[in-house]
Amino acid sequence: MDDAYIGDVLELVAAIPPGRVMAYSDIAREVGGGPRQVGSVMSHWGSDVPWWRVVRADGRPATGHEERALVHFAKERTPMRPGGERVDLREARWEPPSIRS
DNA sequence: TGCTTGACTTACG
DNA sequence: CCGTAAGCCAAGC
């Protein structure tokens, strides 16, 4: 768990556009490591980035932050599934532009 | 060194 | 769709 890794994760999270989200597994595939590591980084150093734009694989917000995340989702008009508890990943999932040609 | 833990996933029934 | 079980990666004790 080095600073470079932490920086990569936070940087990527900070790059997620409003109204869009990324799953822990998505971030893990981008920066390396596993989803749990990404979760660990977020829990320790994610307080100053748009953490609510990082959701679980099923579209539910991070454990322990469901309520606060929903407020932000409503404010950003994030596409939600019927029921409003989970993000509609099909619509809101964001792919970093770093894939370049 | 070995076991437990955690902002997680995926596979199954 | 829901709950359970197993897999995973690294850190903490």
Side-chain angles (χ1 to χ4, degrees):
Chain A
M1 193 102 254
D2 56 27
D3 294 339
Y5 182 73
I6 296 170
D8 287 349
V9 172
L10 296 181
E11 202 176 317
L12 182 53
V13 172
I16 304 175
R20 307 299 296 287
V21 301
M22 275 187 87
Y24 288 95
S25 52
D26 296 334
I27 297 175
R29 270 189 291 278
E30 283 291 328
V31 304
R36 316 197 64 150
Q37 286 318 286
V38 175
S40 181
V41 170
M42 290 307 285
S43 73
H44 294 286
W45 301 280
S47 45
D48 50 348
V49 293
W51 50 263
W52 58 90
R53 295 178 191 154
V54 181
V55 302
R56 301 196 231 178
D58 59 3
R60 268 197 320 285
T63 301
H65 295 260
E66 298 78 3
E67 296 302 313
R68 269 166 291 178
L70 290 180
V71 176
H72 286 285
F73 291 154
K75 193 161 46 176
E76 301 182 355
R77 314 282 154 74
T78 305
M80 302 297 287
R81 287 187 153 218
E85 313 225 317
R86 305 189 302 141
V87 171
D88 184 352
L89 291 176
R90 223 175 27 175
E91 283 289 329
R93 177 172 249 150
W94 181 68
E95 184 84 36
S98 50
I99 315 175
R100 78 193 77 75
S101 69

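Note that this is a predicted model, so its numbers are computed, not measured. The sequence lines fix the lettering, A, B, ..., with proteins before strands; numbering per chain opens at 1.
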Checklist line | G-U wobble or Watson-Crick pairing nucleotide for B:dT5 (cut-off 3.5 Å, both distances) | finding: C:dA10
Next item on the list: Could you tell me whether A:R60 and A:D58 make a salt bridge, using a distance below 4.0 angstrom between a side-chain N and a carboxylate O?
Entry: yes
Next item on the list: Can you tell me the distance, in whole Å, between the NE2 atom of A:H44 and the P atom of C:dC9?
Entry: 19 Å
Checklist line | Residue whose closest nucleotide on DNA chain B lies nearer the 5' end, A:S25 versus A:Q37 | finding: A:Q37
Check: Do we see a donor-acceptor contact under 3.5 Å between the side chains of A:R56 and A:T63?
Finding: yes
Notebook entry, point to check: Tell me: OH of A:Y24 to C1' of C:dA10, nearest whole Å?
Noted result: 16 Å
Next item on the list: Look at all strands and tell whether A:S43 reaches a base, only sugar-phosphate, or nothing, counting heavy atoms closer than 4.0 Å.
Entry: base
Margin query: What range of DNA chain B does chain A touch, first nucleotide to last, counting atoms under 4.0 Å from its heavy atoms?
Written below: B:dG6 to B:dT10
Check: Base, sugar-phosphate alone, or nothing: which one does A:R36 contact when heavy atoms must sit under 4.0 Å apart?
Finding: base
Next item on the list: Round to the nearest Å and state the distance from A:D3 atom CG to C:dA11 atom P.
Entry: 12 Å
Next item on the list: With rounding to the nearest 0.5 Å, note down the distance linking CG in A:D8 to CG in A:D2.
Entry: 8.5 Å
Margin query: Given C:dG7, C:dA11, C:dC1, identify the nucleotide with an atom nearest to the side chain of A:M1.
Written below: C:dA11
Next item on the list: Report the distance from atom CD1 of A:I16 to atom CZ of A:R93, rounding to the nearest 0.5 Å.
Entry: 11.0 Å
Check: Is it the case that more than 12 heavy atoms not belonging to A:E85 sit under 6.0 Å from its CD atom?
Finding: no
Check: Between C:dA10 atom P and A:M42 atom CE, what is the distance in whole Å?
Finding: 19 Å
Note to self: Keeping A:E67 on the side-chain end and A:H65 on the backbone end, is there a donor-acceptor pair under 3.5 Å?
What the structure shows: no
